[in-house]
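One structure is given here, and the rest of the page talks about it.
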Amino acid sequence: MTGWEASRGWRPSRPSATHSPPRAGALTAAAPAANFFLPMLDLKFIREHPEQVVRALETRGGAESVQRLLALDADRRRRVTAVEASKALRNKVSEEIAQAKRRGEHPSEEMARMRRLGDEIKALDTAIKGLEGEVESLLLQLPNLPHPSVPVGGEEANQEVRRWGTPRRFAFDPRPHWEVGERLGILDFERAAKLAKSRFSVLWGMGARLERALSQFMLDLHIREHGYREVWVPHLVNAETMVGTGQLPKFEEQLFKTVEPEGGRPLYLIPTAEVPVTCLHGGEILNERELPKRYVAFTPCYRREAGAAGQDTRGMIRQHQFDKVELVKVVTPATSYDELESMLTDAEEVLKRLELPYRVVLLATGDTGFQSAKTYDLDVWLPGQGKYREISSCSNCESFQARRAEIRYRPAAGGKAVFVHTLNGSGLAVGRTLIAILENFQEADGSVTIPQALRPYLDGLERIARAGS
RNA sequence: GGAGGGGUGGCCGAGCGGUUGAAGGCGCCGGUCUUGAAAACCGGAAUCCCGCAAGGGAUCGGGGGUUCAAAUCCCUCCCCCUCCGCCA
């Protein structure tokens, strides 16, 4: 119990639910959801197809807890049946007592019996509540089930989908971005470490302007040409919000957390705008006519990078703080995979306009993030490193986050509310885009050419050179 | 920080401790009327859990308590709002 289950704010007290319609041959069946608590996978589905779930989770982790989950659930249901029989009796007798009293009688024997029964009920309810808590916490730790089109296996099973652009041929040895940036006087890691610690950076002059120009360029592209609506959101959010998108309870060690005096509820710095933007509609029932919703948000992202010690220690690749333009979609289940493809295209367009070579990779089950059913990574070419590096990740989370955050819609035809599907993708990570520009557009003299598409955002400037930057 | 007010169904909003799962309005779905639509009128619909089913249970911000019985009484926590003070 970490405290986030104490109060569920915007969440209905007893989350209701319906599930997403079945997708052909997929793992999510058309069974009604069994979520008397926050679900992530549909408990009823797990109960009815345990072997299928175990198989699906084998390369994703969590398969081991399925049996324990089912045992707890069976126990829970046994006790619920028992306690409900007692409650039915109590309700019946209470009604009889009420009638007797109206007749002027005082059925003290029944009243005493019901008092004893009430104690038994209380004990059983307590036990049930304990079991529910255990089931819930196990359920919250299970990752999403992969989509059937996702290759099974670890990182080595990832599939390259396509490449765009040809890595430039250099007449000299291309330098890594930290050298390019430091020589230009626009990147400063030493001072960042002085101010904070390692894995932070300071951008001077044209570096800072480039970061801002890139952000603006990306936002404008998505707003003006791709139909996204811009949102500005809190960078500190409460625990419920983090649970909603799946960061909590499992990945708390990756988050920066505030300490509030006198047991106040802590807030968490967002690791991505996906968190607040997706949860914008937490606890709401949307109208199908409002869907799909397409949002774009620019925010800084804060990550502890626990467990990444020694990786990418130089440069700006892996930072505790970085800017990102994030795309989020809230859609109906029927359209979510089409929306994933178009989101990917929207992200790719940023790289194309910036003339940065990249490849698209479909992640295998073991490499796909916790919340996601299917993820494409966009890897940009970094000549300074001689390899492709992740610059965007586009995921369809299906109903995983919708269940946790209680985001549903009412079908246009009327009827029960149904969980939406949520998607998110970087469009793009701004810091890494800046890196890519420094490395791909560096010249022999140490200057950096500015891609055409960006020049309008930099007063038409064509290159960044050392002087006075 | 000080002082008050409030959290009820998709939304707004009523609700003497027992026949209230919850009035009324809006919105929604179906129908009548209409060339069509609107208006008007009629009708329908909360959610989750257990159960093969019949049926039963639970839910009025969260948790606890009083009671034979709680949306209604008590305690506690969370959140929102208003006024004053401070302030980017």
Side-chain angles (χ1 to χ4, degrees), chain A residues 1-19 31-39 42-44 47-48 72-133 135-136 139 234 237-241 243 260-267 281-291 403 406-420:
Chain A
M1 300 285 135
T2 47
W4 45 262
E5 56 285 76
S7 157
R8 287 179 175 162
W10 37 262
R11 206 161 295 175
S13 54
R14 270 287 117 119
S16 51
T18 337
H19 55 93
N35 42 334
F36 45 83
F37 33 36
L38 291 182
D42 182 341
L43 178 58
K44 195 166 279 181
R47 193 189 294 153
E48 286 163 7
L72 286 167
D73 179 51
D75 190 16
R76 184 198 123 246
R77 283 186 294 151
R78 232 183 338 269
R79 292 178 199 245
V80 165
T81 306
V83 79
E84 286 187 355
S86 297
K87 285 179 178 174
L89 177 64
R90 178 178 64 181
N91 288 346
K92 181 164 156 278
V93 176
S94 287
E95 179 53 33
E96 287 166 9
I97 290 171
Q99 286 174 12
K101 283 201 161 185
R102 273 195 282 272
R103 288 194 302 266
E105 300 167 14
H106 188 75
S108 42
E109 195 178 312
E110 268 72 23
M111 287 165 67
R113 247 176 70 215
M114 287 307 103
R115 189 177 301 128
R116 285 194 300 276
L117 186 61
D119 291 341
E120 291 172 26
I121 288 172
K122 203 165 289 177
L124 262 172
D125 271 342
T126 304
I128 289 168
K129 199 161 271 182
L131 287 167
E132 284 181 358
V135 171
E136 179 180 44
L139 223 33
V237 300
N238 60 33
E240 287 77 14
T241 302
V243 171
E260 301 298 310
E262 292 166 41
R265 295 162 51 66
L267 293 169
H281 297 295
E284 296 181 11
I285 297 182
L286 306 166
N287 195 312
E288 182 170 359
R289 298 177 47 206
E290 307 172 58
L291 303 179
R403 290 169 189 282
E406 281 291 304
I407 311 169
R408 291 170 290 165
Y409 73 95
R410 181 94 51 200
K416 289 177 187 299
V418 176
F419 285 121
V420 299

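Proteins come first, then strands; the chains are lettered A, B, ... in the order of their sequence lines, and each starts at number 1. Model, not experiment: these values are computed from the prediction. Heavy atoms only: backbone and side chains are in, while hydrogens, waters and symmetry mates are out.
The CZ-P distance, from A/Arg115 to B/rA69, rounds to 8 Å in whole Å. Here B/rC77 presents its P atom at 17 Å from CD of A/Glu260, a figure rounded to the nearest Å. Rounding to whole angstrom units, NZ of residue A/Lys101 and P of B/rU19 are separated by 15 Å. Whole-Å rounding puts the A/Asn287 CG to B/rC28 P distance at 9 Å. If you take CD of A/Glu284 and P of B/rU47, they are 18 Å apart, rounded to a whole angstrom. If you measure from atom CD of A/Glu95 to atom P of B/rG57, you get 12 Å, rounded to the nearest angstrom. When the P atom of B/rC48 is taken as reference, atom NZ of A/Lys44 falls 10 Å away, rounded to whole Å. When the C1' atom of B/rU19 is taken as reference, atom CD of A/Glu96 falls 15 Å away, rounded to whole Å.
Across B/rG18, B/rC50, B/rC68, the shortest atom-to-atom separation from the side chain of A/Ala98 is found for B/rG18. Residue A/Glu84 has its side chain nearest to B/rG56 when only B/rG56, B/rG10, B/rC68 are considered. When the nucleotides B/rG56, B/rC50, B/rA69 are ranked by their closest atom to the side chain of A/Arg90, B/rA69 comes out on top.
B/rU82 and B/rC77 are spaced 22 Å apart, taking the C1' atom of each and rounding to whole Å. One P atom belongs to B/rA39, the other to B/rG27, and the distance between them is 8 Å to the nearest Å. Between the P atoms of B/rC75 and B/rC50, the separation comes to 36 Å (whole Å). Taking atom P in both B/rU76 and B/rG21, the straight-line distance is 29 Å, to the nearest Å. Comparing the P positions of B/rU8 and B/rA88 gives a spacing of 36 Å, expressed to the nearest Å. For the C1' atom pair drawn from B/rA37 and B/rU32, the interatomic distance equals 15 Å after rounding to whole Å. A gap of 25 Å separates the P atoms of B/rA71 and B/rC79, to the nearest Å. Spacing of P atoms, B/rG61 relative to B/rG9, comes out at 8 Å, to the nearest Å.
Contact between the side-chain N/O atoms of A/Arg47 and the OP1/OP2 oxygens of B/rC50 is found at a separation under 4.0 Å. Dashed line: the shortest gap from a side-chain N or O of A/Lys416 to OP1 or OP2 of B/rC48 is under 4.0 Å. Between A/Asn91 and B/rA69, a side-chain N or O to OP1/OP2 separation shorter than 4.0 Å is absent. For A/Lys129, no side-chain nitrogen or oxygen approaches OP1 or OP2 of B/rA58 to under 4.0 Å. In terms of phosphate contacts, A/Arg77 brings a side-chain nitrogen or oxygen within less than 4.0 Å of OP1 or OP2 of B/rG51. Distances shown here put a side-chain N or O of A/Lys122 below 4.0 Å from the OP1 or OP2 atom of B/rU66. Using a 4.0 Å cut-off, no side-chain N or O of A/Arg79 falls inside it from OP1 or OP2 of B/rC50.
At a cut-off of 3.5 Å, with distance as the only test, a side-chain donor of A/Thr241 or A/Asn238 sits close to an acceptor on the other residue.
With a 3.5 Å ceiling on both atom-pair distances, the Watson-Crick or G-U wobble partner of B/rG43 is B/rC29. Summarising the base pairing, B/rU67 is matched to no nucleotide, lacking a Watson-Crick or G-U wobble pair whose two defining distances lie under 3.5 Å. With a 3.5 Å ceiling on both atom-pair distances, the Watson-Crick or G-U wobble partner of B/rG1 is B/rC84. Remark: B/rA37 base-pairs with no nucleotide; criterion is Watson-Crick or G-U wobble with both hydrogen-bond distances under 3.5 Å. Both distances falling under 3.5 Å, in either a Watson-Crick or a G-U wobble arrangement, occur for no nucleotide opposite B/rA53.
Between the CZ atom of A/Arg113 and the CD atom of A/Glu110 there is a distance of 5.5 Å, given to the nearest 0.5 Å. A/Arg115 CZ to A/Glu120 CD: the interatomic distance, rounded to the nearest 0.5 Å, is 13.5 Å. Distance CZ/A/Arg77 to CG/A/Leu131: 12.0 Å, rounded to 0.5 Å.
Nucleotides of RNA chain B nearest to A/Met111 and A/Pro411 differ in position, and the one nearer the 5' end is that of A/Pro411. Across the interface with RNA chain B, nearest-nucleotide mapping of A/Gly118 and A/Arg410 shows A/Arg410 to be the residue nearer the 5′ end.
With salt bridges taken as basic N to acidic carboxylate O contacts below 4.0 Å, one links A/Glu240 and A/Arg265.
Note on A/Met114: only backbone sugar-phosphate atoms sit closer than 4.0 angstrom, heavy atoms only; bases stay farther off.
The neighbour count for A/Glu105 CD, taken as heavy atoms of other residues, nucleotides or ligands under 6.0 Å away, is above 12.
Shown here for A/Ser86 and A/Leu117, the closest heavy-atom pair between the two residues is O-CD2, 3.6 Å.
Using a 4.5 Å cut-off on side-chain heavy atoms (C-beta onward), A/Lys101 and A/His106 make contact.
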